[in-house]
Every structure is written in structure tokens, then in C-alpha cells.
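Written out below as C-alpha cells is the structure these notes cover.
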Amino acid sequence: MYRRDLRDTATDDLLADAATAETAEQVVAEPGGDRLVYAESREHRTNLLLRDGDETRTLTSRGVLAQRYTHLDTRWFDWHPEGDAIAYAGEDGEGLSVWTVDTEMGEKRRVTNHDALDSQPRFSPGGDEIAFVTDNWSPGSLAVAAADGRRVEVLRDDEFLYADPQWGGDGALYAVRTRHRDLSDRASQVVRVTRDGEVEPVFAEESVNAYAPRPRPDSDELAFVHDGSGFDALYVTGPDRADPERLLAERGTDFGAPSWDAAGETLAVTATRRGDVSVRTVSRDSGESETMTDASGDRYFPEWRDGDVLAVAADPTTPPEVRNLSTGERVTGRPPAGLDARFVEPEAITYDSTDGVEIHAMVYLPEGHERADPDSVPLLVHPHGGPTAFDGYEFNHRAQYFAAQGFAVIEPNYRGSSGFGREFRNRNDFAWGEGDLDDVVNAADALADAYDAVDPDRAGIFGGSGGGLMTVNALGRTDRFDAGAAFYGVYDYETFADDTDDVGWRLMKRELGFPATDIDNYREASPIRSVPDIDVPLLVLHGEEDARVPVSQSEQLVEELERHGKRYEFQRYEDEPHGFLKRENVFDAYSRVADLFAKYLEIDPDDGSSRPHRPGDAE
């Protein structure tokens with residue numbers, strides 16, 4: 001299916017450099033101090049680093065838990081109130097346990113010792129205890145351990161999944177809880193849990209998502225977020241309030257990740273609007289807000305230090321790094337040399353899809369497209385996974401790589417995407433492969449209509465996870481595309497129910513219902529049913545260590561493709577989870593996809609820069 005000499009391979013180093021760039025993941029400032037700890041990832045490993053003045057030291061080397069699922073994700077590690085240790089969830093060969101590491105000597109201590117996943121550790125105000133979330137009793141239990149590891153006890157082990165524990169000044173814990181049958185971005189509650197395990201709701205409304213409880217320093221007030229208005233808005237409540245006070249709300253904008261300054265006078269929050277994630281500050285007393293960022297970008301986990309707001313920040317040409325948003329300075333981060341000059345700035349467009357739904361999309365165009373002949377640039381549609389995710393002004397090496405190859409790439413935020421309010425996010429529940437598929441397919445025409453250089457008749461599609469599902473659906477249910485590449489997607493929901501992890505199971509129940517009563521939904525939503533109607537080549541790629549979407553899903557798809565005599569290629573990758581991380585695997589996978597599209601969308605470098613095809617290479 002591939003020939004490497006059908007295209008210009010000079011841009012392959014761009015893929016290798018961008019895919020292996022060091023990326024900051026989260027930053028937490030020392031309470032009352034100048035130091036900070038941040039998580040930094042490269043390929044398969046995320047570790048903690050301590051920044052002290054101009055010096056940086058590595059605190060961990062075996063990896064820490066660092067998996068961003070949605071904008072609801074909470075802090076992964078925490079400072080001791082006196083600054084002498086960091087609590088984190090780390091690998092130990094048996095799983096993920098709670099550990100502490102001394103910030104001066106680097107000595108590590110294992111706090112929990114059981115064969116279950118632990119996460120989200122929080123030091124108590126006195127530093128002698130650590131609250132955390134664990135699967136040891138049942139998934140998402142809330143527990144407390146002595147900081148020296150001598151005692152571990154469960155506070156809540158019930159029908160709820162607990163998350164984001166935060167100590168209040170009264171010694172109680174505030175947390176988010178979600179019924180096991182629900183998903184955290186659909187219906188969740190904020191609760192107060194006393195030290196003896198008694199629980200009382202702080203905010204709980206049917207079908208409303210509440211999250212991010214943040215106790216106000218030296219006060220009995222609590223800031224949190226809920227989407228009862230249709231968009232995520234910031235609220236403040238207290239023990240004598242019948243209803244929470246709305247502090248910051250704006251139609252069309254989702255606010256999140258609130259963080260109090262040391263005095264408890266001002267909150268920093270993220271503000272997500274049409275693909276741009278900015279950071280704002282808001283006064284508790286006046287409600288006046290100020291935007292800390294100007295250019296479009298992607299920011300998360302804002303934190304305060306000495307009156308300044310820090311955050312992890314990225315933009316289309318810069319990998320995620322820690323920045324001081326108050327001064328505009330880079331605090332940590334080291335982008336690959338010259339990477340920004342090799343990347344293009346994306347553009348945002350909107351288009352009307354079926355049922356009058358307006359869709360927002362990001363577009364990456366090759367250099368010189370404005371001078372190119374009409375219909376000279378082939379197009380690629382890249383639907384994101386999730387589906388509760390979105391594409392915006394982030395660092396995106398996949399789209400940039402294909403733009404450098406001469407393709408125009410569109411990434412539609414189809415119905416079901418987050419960042420556009422609750423109603424839009426819920427639109428594909430019990431309707432997978434309907435309006436959302438229309439949005440993805442219509443993206444091809446929208447891209448060609450918006451730019452004269454784009455050829456509507458040469459179109460490919462590729463995506464991972466939910467985007468892989470979309471890819472196979474689009475190839476089997478329409479004739480819009482000439483080739484496709486599907487990464488680690490769900491292809492048979494009926495068997496997926498037996499093999500996925502707990503998050504995948506809850507996602508499926510939300511989107512399709514329960515197998516006992518709604519099995520027809522599972523069957524109708526499964527792309528494997530449309531394999532007989534696929535008439536174009538399909539590249540299937542999957543990691544063998546994928547727990548969210550097991551490789552058996554791709555094996556089933558390939559078996560069906562083979563049975564019907566379809567043209568396909570199947571590539572497996574050892575030691576890869578849900579998403580490819582190793583440099584050699586990322587390079588192999590995406591260069592294969594580039595070869596596929598070069599062949600079937602007729603990209604010819606015609607400048608003598610391509611490399612000869614070596615004997616033994618895949619064809």
C-alpha cells in the first residue's frame with residue numbers, strides 16, 4: 001500500500017522533532033515560597049522537576065501518573081504545607097501508589113502499599129495526612145493515609161466515584177462525586193466529607209455537572225464550577241447559603257480550573273471559547289474580571305505565585321511550557337530549535353451542517369496555498385477522539401506534519417465536542433454515527449468551499465479512538481473519501497462492552513444506553529457493520545497495550561475487511577497504550593499515513609527530493 005518515494009520525505013524530521021518535544025503538563029507553586037514543581041513529559045515518561053530560582057532538579061525518574069482526560073482533570077501532585085516534600089502518584093512495578101519525595105534530599109517514601117491504582121494525593125493543612133482517590137476498595141473510593149505510610153483508611157466506598165479531594169479549613173474534605181453509572185462530564189456533585197466519613201451534598205442537581213471545589217483561604221466559602229446555565233460558570237457558596245452565588249458566567253464560554261490567590265481575594269480561571277483557552281482573573285468582592293492572555297492558545301492549570309499567575313501554556317507553534325502570564329515570561333520549557341518557523345498558523349472557520357447546526361473547525365493549510373492553482377491542494381479531515389474533546393489553538397504536530405506534506409487539514413469540532421456548552425456536548429448521546437458523522441463528512445466540502453486552492457475531489461480522512469471510529473464510519477457509510485487511516489478505534493460496540501476499562505464502559509453507557517435494554521443501539525453504532533460498503537483503501541493501526549480500546553477491536557475489523565476482500569493494511573505496535581508515544585512508533589505510523597495519502601490523493605513531489613524505495617520496505 002505504500003511507497004516512500006511517492007512523496008517529499010524532507011519533512012519527516014519535522015514529525016520526529018515535534019512528536020518528541022519535551023512538554024510541560026502541570027505546575028504547582030510552593031505554598032508561601034518561590035519554588036515550583038512541574039510535570040514534564042517526553043515520549044512514554046512523565047516526571048516531576050523542581051524549579052528553584054535558575055536551577056532545575058529532577059525529583060522522579062520512574063514516572064508519575066499524568067493522564068489528561070478532559071478539562072475536568074485535577075492536580076496530580078501536591079506540596080507539603082511547609083514545602084519539604086511533594087506527594088504524587090508514581091509507578092512501583094505493581095501499579096500506581098502514593099509516594100512522597102523530599103524536596104531537598106530527593107528521598108522517596110512509599111505511602112500506600114496495595115495492588116490498586118491511587119491518584120490525586122492532597123496533604124492535609126497540617127501535613128500529617130494525605131487524602132487520595134483509590135481503586136483499592138472499589139473504583140473511585142476516597143481514602144486518607146498517614147503521611148508516613150503507617151495508616152491507611154477509607155472514608156467513602158459506595159456507589160459513587162470520588163475525585164479532586166480538597167481539604168477545607170475545618171478539617172473536612174470537599175470532593176466531586178459521580179454515580180458509577182454516569183460520566184463525570186455529564187452529571188456530578190460537589191460534596192463535603194467529614195474526617196469520620198460522613199457526607200453531605202454542597203451542590204447536587206439532576207443532570208448538572210459540578211466540579212473543581214476550591215476552598216477559599218481563611219474562609220468558610222467554597223468556589224466551584226457547574227454547567228446548570230448551559231455553560232460552565234464559576235460559583236461561590238458557603239454553609240449559610242441556600243443557593244450558590246454566580247461569580248462569573250458568559251454564554252458561549254466554559255470556565256474551569258479555578259485557583260485562589262494566597263489572600264483569597266482573587267480567582268484565576270480558564271476560559272474556553274471557540275477553540276481558544278485563555279486565563280482570566282476575577283475579584284471575589286466586585287466580580288470584575290481581567291483577561292491575562294491576548295493571542296489565541298491553549299492554557300491549563302493556572303496557579304498563583306507571589307501575586308503572579310502561572311499556567312501551562314501552548315500555542316500552534318510552541319509545545320506546552322510553564323509561563324508567567326502576568327509578565328509574559330517563559331518559566332520552563334525548551335522548544336526544539338526552529339520548530340516555530342516550520343509550523344503554520346491555523347485558521348478557524350465555521351460551516352453549517354445538517355439540521356442547521358453550526359460547526360467550528362480548525363484549518364491547517366500548506367505554505368503558499370494562497371498562490372497555488374485552484375483545486376491543486378488535496379484535503380484531509382481529522383476528527384478528534386473523545387468525543388468530549390475539542391480541537392483548538394493547541395500544539396498539534398499531526399496536523400502540522402500533513403500541512404508540511406502539502407495537504408490542507410480540517411479538524412471539525414463535531415456535535416459531541418466539549419468547549420461549546422452542555423447542549424452541544426450531549427448532542428450525539430444515543431445518536432452515534434448520525435449528526436456527528438454528517439458534521440465530519442461535511443467538513444470536507446466546507447474546507448474546499450473556503451479556499452480556492454483546495455481540491456474537493458481528492459479527500460482523505462484519519463483519526464484516533466473516537467476519530468478512528470468516525471473514519472471507518474465515514475468510509476463505510478459515504479463515498480466522500482478516497483482513503484482513510486484509523487488509529488485504535490472502537491469498531492464493534494457489542495464486543496467492546498466486554499473488553500474496555502471502566503472509563504470506556506461508562507462512556508459507552510452514556511452514549512448508547514445499557515446492553516440489556518439497548519443492544520440495538522450498540523449494533524447500529526458499530527462501524528464494523530458497514531465494512532461491506534467500504535470501497536477505498538484503509539490503514540488500521542493499534543497499540544498492543546491499549547486498555548481503553550483493546551487491540552481486539554482492530555483485529556475484528558481486519559478480519560471483516562479480509563472476509564469481504566477489502567484493501568487494507570494492519571500495523572500493530574508493541575508497548576503502546578491508547579495513543580502512540582514512542583518516537584519510532586509515532587514516526588512509523590504517521591509517515592505510513594502520509595505515504596498512503598500521497599499515493600491515493602496523488603501527491604507528487606516532482607522536485608527530485610524523494611528517496612528511493614528500498615527493497616524490503618512495505619509497498
Side-chain angles (χ1 to χ4, degrees), residues 11 14-15 18-19 275 298 316 343-351 353 359-366 369 377-419 436-448 450-451 454-456 458-475 478 480-489 527 536 538-541 578-580 586 589-598 600-601 603:
T11 56
L14 174 69
L15 173 64
D298 185 24
F343 275 11
V344 299
E345 291 284 349
E347 301 177 9
I349 67 170
T350 59
Y351 59 95
S353 189
I359 301 300
H360 172 275
M362 300 301 299
V363 173
Y364 295 76
L365 298 162
H369 71 91
V377 177
L379 69 89
L380 300 178
V381 177
H382 180 212
H384 61 70
T388 47
F390 68 93
D391 286 310
Y393 295 90
E394 72 267 23
F395 182 75
N396 185 337
H397 67 270
R398 299 172 184 86
Q400 293 281 4
Y401 173 60
F402 289 111
Q405 291 285 338
F407 299 96
V409 183
I410 184 168
E411 299 187 326
N413 287 311
Y414 54 89
R415 63 194 83 183
S417 301
S418 59
D436 51 356
L437 180 59
D438 293 339
D439 303 339
V440 170
V441 174
N442 290 338
D445 288 331
L447 180 58
Y451 301 94
V454 177
D455 184 355
R458 289 185 291 160
I461 183 170
F462 72 102
S465 192
L469 179 155
M470 280 287 185
T471 295
V472 179
N473 257 341
L475 297 184
T478 77
R480 184 65 186 84
F481 300 99
D482 302 296
F487 290 74
Y488 39 84
V536 299
L538 172 62
L539 172 59
V540 182
L541 309 100
H578 193 59
F580 297 166
V586 171
Y590 283 96
S591 60
R592 284 179 180 274
V593 176
D595 293 343
L596 171 75
F597 290 140
Y600 291 99
L601 305 188
I603 291 287

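Residues Gly484 and Leu475 approach most closely at CA-CD1, 3.9 Å, considering heavy atoms. When every heavy atom of Pro316 is checked against every heavy atom of Pro346, the shortest pair comes out as CB-CD, 3.3 Å. For the pair Tyr393 and Ala348, the tightest heavy-atom approach, listed with the atom from each and the gap, is OH-CB, 3.5 Å. Residue His578 comes nearest to Ser465 through the heavy atom pair NE2-OG, 2.8 Å, listed as atom of the first residue, atom of the second, then distance. Taking both residues in full, the closest heavy atoms of Ala486 and Val472 are given as CB-CG2, 3.9 Å, listed atom of the first, atom of the second, then distance. Here the shortest heavy-atom pairing between Pro412 and Ala361 reads CA-CB, 3.8 Å.
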Inset, instruction - Dump the intermediate steps for side-chain contact (heavy atoms from CB on, under 4.5 Å) on Ile410 and Ile349, then the final yes or no. - result: CA-CA 9 Å; Ile410 184 168; Ile349 67 170; 3.9 Å; yes
Inset, instruction - Take Val440 and Asn473 through the side-chain contact (heavy atoms from CB on, under 4.5 Å) test and state the conclusion after the steps. - result: CA-CA 10 Å; Val440 170; Asn473 257 341; over 6 Å; no
Inset, instruction - Could you check Phe343 against His397 for ring-ring contact (aromatic ring centres under 6.0 Å, His included), going step by step and ending with a plain yes or no? - result: CA-CA 9 Å; Phe343 275 11; His397 67 270; 8.6 Å; no
Inset, instruction - For side-chain contact (heavy atoms from CB on, under 4.5 Å), just list the numbers for Leu379 and Asp455, CA-CA rounded to whole Å, side-chain angles, deciding distance to a tenth of an Å, and then say yes or no. - result: CA-CA 7 Å; Leu379 69 89; Asp455 184 355; over 6 Å; no
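Each of Val454, Val377, Val381 was compared with Leu447 under the side chain to side chain contact (heavy atoms under 4.5 Å, CB included) criterion, and only Val454 meets it.
Aromatic ring pairs are classed by plane angle as parallel below 30°, tilted from 30° to 60° and perpendicular above 60°; the pair His382 and Phe462 is parallel. The aromatic rings of Tyr590 and Phe487 sit parallel, their planes meeting at an angle under 30°, below the 60° perpendicular limit.
How far OH of Tyr401 is from CG of Leu15: 5.5 Å, rounded to the nearest 0.5 Å. To the nearest 0.5 angstrom, Ile359 atom CD1 is 8.5 Å from Asn442 atom CG. To the nearest 0.5 Å, atoms CZ (Phe580) and OH (Tyr488) are separated by 6.0 Å. Going from atom CD of Glu411 over to atom OG of Ser417 covers 11.0 Å, rounded to the nearest 0.5 Å. With rounding to the nearest 0.5 angstrom, the NE2 atom of His360 is 15.0 Å from the OH atom of Tyr414. The CD atom of Glu345 lies 9.0 Å from the OH atom of Tyr364; values are rounded to the nearest 0.5 Å.
Checked by atom type and distance alone, the side chain of Gln405 never pairs as donor or acceptor with a backbone atom of Ala598 at under 3.5 Å. A donor-acceptor distance shorter than 3.5 angstrom exists from the side chain of Tyr351 to the backbone of Asp439, with no hydrogens or angles considered. Put simply, the side chain of Asp436 never gets that close to the backbone of Arg415: no donor and acceptor are under 3.5 Å apart. Judged by distance alone, with hydrogens and angles left aside, the side-chain atoms of Asn413 form a donor-acceptor pair with the main-chain N or O of Asp391 at under 3.5 Å.
With respect to the salt-bridge test (charged N to carboxylate O, under 4.0 angstrom), the residues Arg480 and Asp445 qualify.
By the 4.5 Å heavy-atom criterion applied to side chains, Ile461 and Pro383 are counted as neighbours.
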